[in-house]
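Everything below concerns the one structure shown next.
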Amino acid sequence: MTEQMVEQTLVIIKPDGVEKRLIGEVVKRYETAGLRMVIMKMTILSGGFVESFYAEHRGKAFFQDLCGFMTSGPVVIMVLEGKDCIETVRAINGMTDSNAAGAGTIRGDFGDRTVIRRNVVHASDSAESARREIKLCFNC
Ligand SMILES: Nc1ncnc2c1ncn2[C@@H]1O[C@H](COP(=O)(O)OP(=O)(O)OP(=O)(O)O)[C@@H](O)[C@H]1O
Ligand SMILES: [Mg+2]
């Protein structure tokens, strides 16, 4: 069996998650899984920031709507740490499309089933993404 690594990941509770009063619920799910909160802040993202944060999606059909959504209200950004943290958080969040996300995942339980982008949370998808996103959000 591969040894699990202590690693860090970046999570954003998106504007729909904050609007739906899900901050406590989301944090509780990560902490219950044994992950540790390293740093956290609430902020409103600028268009420029979101465009560079989601640069991998530039040019895709949903990009402009995604950027508009991510700047539409306050978000909560956090760094979590723990063994196999990146994969664990992605599993807790569930699949991108809330219709496809399983019951018991954050997106399955709280995501918008008619609008894909309104899926409550973002999480880094690799160690390289985590390093880039943590630096972008916290300059560390
Ligand atoms: N086909 C789509 N239509 C509309 N919005 C989309 C679509 N695909 C992705 N999105 C939005 O763009 C975000 C980034 O897409 P990505 O493919 O990176 O999914 P993800 O890694 O599951 O989500 P995130 O990066 O937010 O954690 C999604 O979370 C969702 O909000
Ligand atoms: Mg992604």
Side-chain angles (χ1 to χ4, degrees):
M1 199 178 92
T2 319
E3 196 181 328
Q4 291 184 323
M5 295 277 292
V6 174
E7 57 190 10
Q8 293 188 339
T9 195
L10 184 109
V11 166
I12 302 178
I13 303 177
K14 298 181 181 184
D16 59 330
V18 174
E19 172 64 25
K20 289 176 172 166
R21 279 62 161 170
L22 290 172
I23 298 169
E25 176 67 31
V26 167
V27 170
K28 184 173 155 211
R29 290 186 182 209
Y30 301 142
E31 290 192 324
T32 301
L35 304 179
R36 187 176 74 85
M37 184 72 65
V38 176
I39 189 168
M40 175 162 63
K41 66 180 173 187
M42 178 178 257
T43 188
I44 296 177
L45 301 175
S46 69
F49 178 89
V50 171
E51 284 185 20
S52 57
F53 185 86
Y54 273 133
E56 65 178 301
H57 298 304
R58 197 170 284 158
K60 293 183 185 169
F62 60 82
F63 184 68
Q64 287 307 326
D65 284 344
L66 175 63
C67 291
F69 167 58
M70 290 299 291
T71 57
S72 67
V75 298
V76 173
I77 312 180
M78 68 197 80
V79 175
L80 293 159
E81 184 176 272
K83 282 187 184 159
D84 214 16
C85 186
I86 293 167
E87 199 181 314
T88 300
V89 168
R90 299 275 296 183
I92 291 170
N93 288 358
M95 291 179 71
T96 306
D97 183 343
S98 301
N99 280 301
T105 66
I106 292 170
R107 288 164 167 174
D109 291 348
F110 304 113
D112 189 321
R113 289 175 184 267
T114 59
V115 184
I116 292 180
R117 68 178 165 275
R118 298 177 64 85
N119 58 2
V120 187
V121 279
H122 159 84
S124 311
D125 61 9
S126 67
E128 191 188 345
S129 299
R131 275 192 294 276
R132 186 185 79 87
E133 293 171 5
I134 291 168
K135 195 160 193 196
L136 261 176
C137 293
F138 293 103
N139 197 28
C140 62

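Each ligand, and each atom within it, is numbered from 1 in the order the structure gives. Throughout, numbering of the chain's residues begins at 1 and tracks the sequence.
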>> Looking at Arg29 and Glu25, is any side-chain nitrogen of the basic one under 4.0 Å from a carboxylate oxygen of the acidic one?
In response: yes
>> Show me, by chain and number, every protein residue that has a heavy-atom distance under 4.0 Å to ligand 1.
In response: Lys14, Tyr54, His57, Phe62, Leu66, Arg90, Thr96, Arg107, Ile116, Arg117, Asn119, His122, Ala123
> Cation-pi between Lys14 and Phe69: NZ/CZ under 6.0 Å from ring centre and within 45° of the ring axis?
Replying inline: no
> Using a side-chain heavy atom cutoff under 4.5 Å and only I, L, V, M, F, W and Y, what cluster partners does Val115 have?
Replying inline: none
>> Please check: side-chain N/O of Arg90 versus main-chain N/O of Ala123, any donor-acceptor pairing under 3.5 Å?
In response: yes
> Hey, what's the ring geometry for His57 with Tyr54, parallel, tilted or perpendicular (30° and 60° as the breaks)?
Replying inline: tilted
> So, the side chain of Ser98 versus the backbone of Asn119: is there a donor-acceptor pair under 3.5 Å, distance only?
Replying inline: no
